[in-house]
Amino acid sequence: MKLLDSRVYWIGQFSWWTFTTFVLRQPNSKYFEQGYNLPIYLVISFFIGLVLTHIYKEIFNKKLAVKRNVIPYALLGIVIVGGAFYLQDFAFGFQRYRKPSMGLPLELYDYLQFYVESVRYVIIWFLFFHLIIMERVSHQKEIQLSKAETLLKIAELENLKNQLNPHFLFNAINSIKALTLTDPALARHALTELSDLLRTSLSMGNHQLVSFEEELKLVKDYLFLEKLRYEERLRYQFMIERATMGCKVPPMSLQLLVENAIKHGVGKTKNGGDIMIQARMSEKVLMIRVTNAGTLSLENKRIGVGMKNLQRRLSINFQEKAELQLLQEEDKVVSQVVIHYS
């Protein structure tokens, strides 16, 4: 897992250690008996910081990135890099405290204070390095989580659509089976219509969303087949605003509402009934209503598998901006889908 961009990393490395060496760590030249020792001291100081912190970064990427607690390793790195600066300062005779020329020997406290002076700039590097790593790891986890959620939604949608297609096919075949005994010629014609219908539904099944115009065409073909089965018991009409045609909806959504109205409305009564299919668009809100005569019983109020699937697909595609409702309006049952596109 690549946590840092190589180009950005090296720009940061050179910039930090140049600033640290020539601004923060640069001693006064009076500490050097030979003036030419100062440039040598600065060059060595620069490469100690650059090389040792880079080694730590490489070890971190290969060995430590997978560990949960890296604090002990970071502290060890600080001690080692800070110790290298301390040894360099000691070797060059660079003393900030109690110089021998003053006739005062160095005490333990002086050595500790001298070490702190050498290590403090190293601590800043390690702090920034691990803060950047934490931010990059957090960002990559968010990306991975987002990808996982997307894949899960795609898999769930495919599973839901696979449940819809066989259910729809079962009902369509039953409609044709009823005709084979009474009107074989009409049954053959119905098979042709079913073939076109299945071709359309399979094509739509490859998409998470389709235009309402495509959905409406499929429903008209479906109603043609159901009309052959129910004959005069099934009466339907459309009230569709043209502005709704380009709206995106889950495939088989309107068909499911119509199928539900036939099953629980027309199919439950001897004389059949009327189905009203409406769609209108107002202020970027699509409202699809399928109305049939009847009463919402306890059985009807329980949302079946097909309607649960539709509810879930609406939630996946539109989150809280879409809802499926079952309503009782006087002596009518209304199945309603509302989608907010704003």
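Fair warning: this is a prediction, and the values are worked out from it, not measured in the lab.
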Q: Name the orientation class of the two ring planes belonging to His130 and Tyr56 (parallel below 30°, tilted from 30 to 60°, perpendicular beyond 60°).
A: perpendicular
Q: Output the distance between atom CD1 (Ile288) and atom CD (Glu215), rounded to the nearest 0.5 Å.
A: 7.5 Å
Q) Any sub-3.5 Å donor-acceptor pair from Gln328's side-chain atoms to Glu330's backbone N or O? A) yes
Q) Of all residues at least two apart in sequence or in a different chain, which pass the side chain to side chain donor-acceptor pair (under 3.5 Å) check with Arg188? A) none
Q: Report the relative orientation of the aromatic rings in Phe14 and Phe46; use parallel for angles under 30°, tilted for 30 to 60°, perpendicular for over 60°.
A: tilted
(Q) Tell me if a side-chain donor or acceptor on Thr20 pairs with a main-chain N or O of Trp16 at a distance below 3.5 Å. (A) yes
Q | Donor + acceptor pair across side chains of Trp17, Thr53 (<3.5 Å) | A | yes
Under 3.5 Å donor-acceptor pairs involving side-chain atoms of residues 331-338, not counting sequence neighbours:
from: Gln336; atom 1: OE1; to: Arg289; atom 2: NH1; distance (Å): 2.6
from: Gln336; atom 1: NE2; to: Gln325; atom 2: OE1; distance (Å): 2.6

Q | Backbone N/O of Lys227 and side chain of Tyr236: donor-acceptor pair under 3.5 Å | A | no
Q) Donor-acceptor pair, Arg235 side chain versus Gly272 backbone, under 3.5 Å? A) no
Q: Report the relative orientation of the aromatic rings in Tyr9 and His54; use parallel for angles under 30°, tilted for 30 to 60°, perpendicular for over 60°.
A: tilted
Q. Is there a path from Phe22 to Phe47 through hydrophobic residues (I, L, V, M, F, W, Y) whose side chains come within less than 4.5 Å of each other?
A. yes
Q | Any donor-acceptor N or O pair under 3.5 Å, side chains Glu241, Thr244 | A | no
Q.
I'd like to know if Met307 and Ile339 are part of one continuous hydrophobic network [Ile/Leu/Val/Met/Phe/Trp/Tyr, side-chain heavy atoms within less than 4.5 Å].
A. yes
Q. Counting N and O atoms only, with roles assigned by atom type, does the side chain of Gln88 sit under 3.5 Å from a partner on the main chain of Tyr41, one being a donor and the other an acceptor?
A. yes
Q.
Between Phe85 and Val119, is there a side-chain heavy-atom distance shorter than 4.5 Å?
A. no
